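All values derive from a computational prediction rather than experimental measurement. Residue numbers start from 1 in every chain, and the chains themselves are labelled A, B, ... in the order their sequence lines are given, proteins ahead of strands.
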There are 2 protein chains.
Amino acid sequence: MKQLKLSNQLCFPIYALSRLVTSHYLPLLNELDLTYPQYLVMLLLWEHQTLSVKALGKELRLDSGTLTPLLKRLESKKMIKRVRSKEDERIVNIHLTEQGSQLKIQAADIPNQIQCSMGFTAEEFKTLKSVIGGVLRRHAEE
Amino acid sequence: MKQLKLSNQLCFPIYALSRLVTSHYLPLLNELDLTYPQYLVMLLLWEHQTLSVKALGKELRLDSGTLTPLLKRLESKKMIKRVRSKEDERIVNIHLTEQGSQLKIQAADIPNQIQCSMGFTAEEFKTLKSVIGGVLRRHAEE
DNA sequence: TAAAATTAGATTGTGTACAATTTAATTCCA
DNA sequence: TGGAATTAAATTGTACACAATCTAATTTTA
């Protein structure tokens, strides 16, 4: 039953790599008082200023069950504001606060530090990005 | 600040892929009454019959804070037994039960079904396995 | 050989993930 | 146009992850 050996599976390396990458973010994000998923939300907000919960969920492939409490924690840390839309009261829009906006400056060097600490070669980075990107695109529902 | 755009990061595709893969296991594992991390434990036990909590943790890169409750759940489902070692009472050895052992038969086809459902090409599979394997090996502390 | 250090697991507490359900608002359409 | 369907978030409940701490057993070593 060679198929069922852990070492022959692709799933496990993917799962282990994902946790390894997150663990490398941890000390850097601790300084910003962010968790890794919270950092992903902030990345999107630094880029777009304002996004609905639904839009964040679509980008990050996370549902409201994950996002609602995460966003409440970001709000309690004064990094974002949750504002229910006047035009459509089902929608909650997420805005950066001044403090959340400023955090971008402190975060500016994180990508470099991760690149360094993970020790990806340029070749590995390119290959992983392109192969994984292709797989994800095929499975994008929309 | 191009560096901080989500779409330029490698971390997010890795994180998203890991969750995508897990989501493809879900319907298959539901039939065996296993979660994905529980399935990883079972894979190792089907291969080795008996492993200590520490050995499982080393293979899966998980600590006792994750494994202890997970193993208690597997035990309550009668798939494994947790037995404290007589020679060294710090050690807890995990054994398959007859039921846990039999489950291997039902699991036999899962790798094929995942290969199918994820739609990896042979090329993608090989590339991901080799590149990710290389990265993980570099970061193995042992 | 007895105190110090190490080791293996368990426990505690926080923060995701995600399925399933609920609530409230909006849109569809007979 | 008004009830049915849809949509956006929130809520509920289960199960990881993982840091930090704790407990008990074993090894080290002064």
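Around atom NZ of A:K77, more than 12 heavy atoms belonging to other residues, nucleotides or ligands sit under 6.0 Å away. Crowding of B:K129 atom NZ: a count of heavy atoms from other residues, nucleotides or ligands under 6.0 Å exceeding 12. With a 6.0 Å radius and a threshold of 12 heavy atoms from other residues, nucleotides or ligands, B:K54 has its NZ atom at or below the threshold.
A:S23 comes within 4.0 angstrom of no nucleic acid atom, judged by non-hydrogen atoms across all strands. Here A:T22 lies out of heavy-atom contact (under 4.0 Å) with every strand.
Between A:L62 and A:E87, it is A:L62 whose nearest contact on DNA chain C lies nearer the 5' terminus. For the pair B:V53 and A:T66, both in contact range of DNA chain C, the more 5′-proximal nearest nucleotide belongs to B:V53. The residue among A:L67 and B:G65 whose nearest nucleotide of DNA chain D lies closer to the 5′ end is A:L67. The nearest heavy atom of DNA chain D to B:D63 and to B:S85 marks one nucleotide each, and the one closer to the 5' end goes with B:D63.
For B:S117 (side chain) and B:H24 (main-chain N/O), no donor-acceptor pair under 3.5 Å exists by modelled atom type. Looking at B:S101, its side chain never comes within 3.5 Å of a backbone N or O of B:L96 through a donor-acceptor pair.
Rounding to whole angstrom units, NE2 of residue B:H24 and P of C:dC18 are separated by 12 Å. Rounded to whole angstrom, the span from the CG atom of A:L70 across to the C1' atom of C:dC18 amounts to 14 Å. Atom NZ of A:K86 and atom P of C:dA25 are 13 Å apart (whole Å). Taking atom CG on A:L34 and atom C1' on C:dT16, their separation rounds to 14 Å, with Å as the unit. In this structure, A:R84 atom CZ and C:dA25 atom C1' are separated by 9 Å, rounded to whole Å. As a whole-Å value, the separation of A:I91 CD1 from C:dA25 P is 13 Å. Distance B:N93 CG to C:dA8 C1': 11 Å, rounded to the nearest Å. Across the protein-nucleic acid pair, A:K77 atom NZ and C:dG15 atom P stand 7 Å apart, rounded to whole Å.
Contact between the side-chain N/O atoms of B:R82 and the OP1/OP2 oxygens of C:dA10 is found at a separation under 4.0 Å. Side-chain nitrogen and oxygen atoms of B:Y36 include none within less than 4.0 Å of the OP1 or OP2 phosphate oxygen of C:dC18. Between B:T68 and C:dA10 there is a side-chain polar atom (N or O) within less than 4.0 angstrom of OP1 or OP2. Under 4.0 angstrom from either OP1 or OP2 of C:dT16 there lies at least one side-chain N or O belonging to A:T35.
When the nucleotides C:dT6, C:dC18, C:dG9 are ranked by their closest atom to the side chain of B:R19, C:dC18 comes out on top. In this structure, the nucleotide among C:dT11, C:dA17, C:dG9 sitting nearest to the side chain of B:K72 is C:dT11.
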Checklist entry - Stepwise, does the side-chain contact (heavy atoms from CB on, under 4.5 Å) test hold for A:T35 with A:Y25? => result CA-CA 9 Å; A:T35 65; A:Y25 275 94; over 6 Å; no

Item to check | Audit row: B:E75, B:R82, salt bridge (charged side-chain N to carboxylate O under 4.0 Å, His left out) steps and yes/no | outcome: CA-CA 7 Å; B:E75 187 173 46; B:R82 295 159 67 247; 3.3 Å; yes

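Taking 4.0 Å as the cut-off between side-chain N and carboxylate O, B:R138 and A:E124 count as a salt-bridged pair.
Using a 4.0 Å cutoff to heavy atoms of chain A, the contacted part of DNA chain D runs 5' to 3' from D:dT7 to D:dC18.
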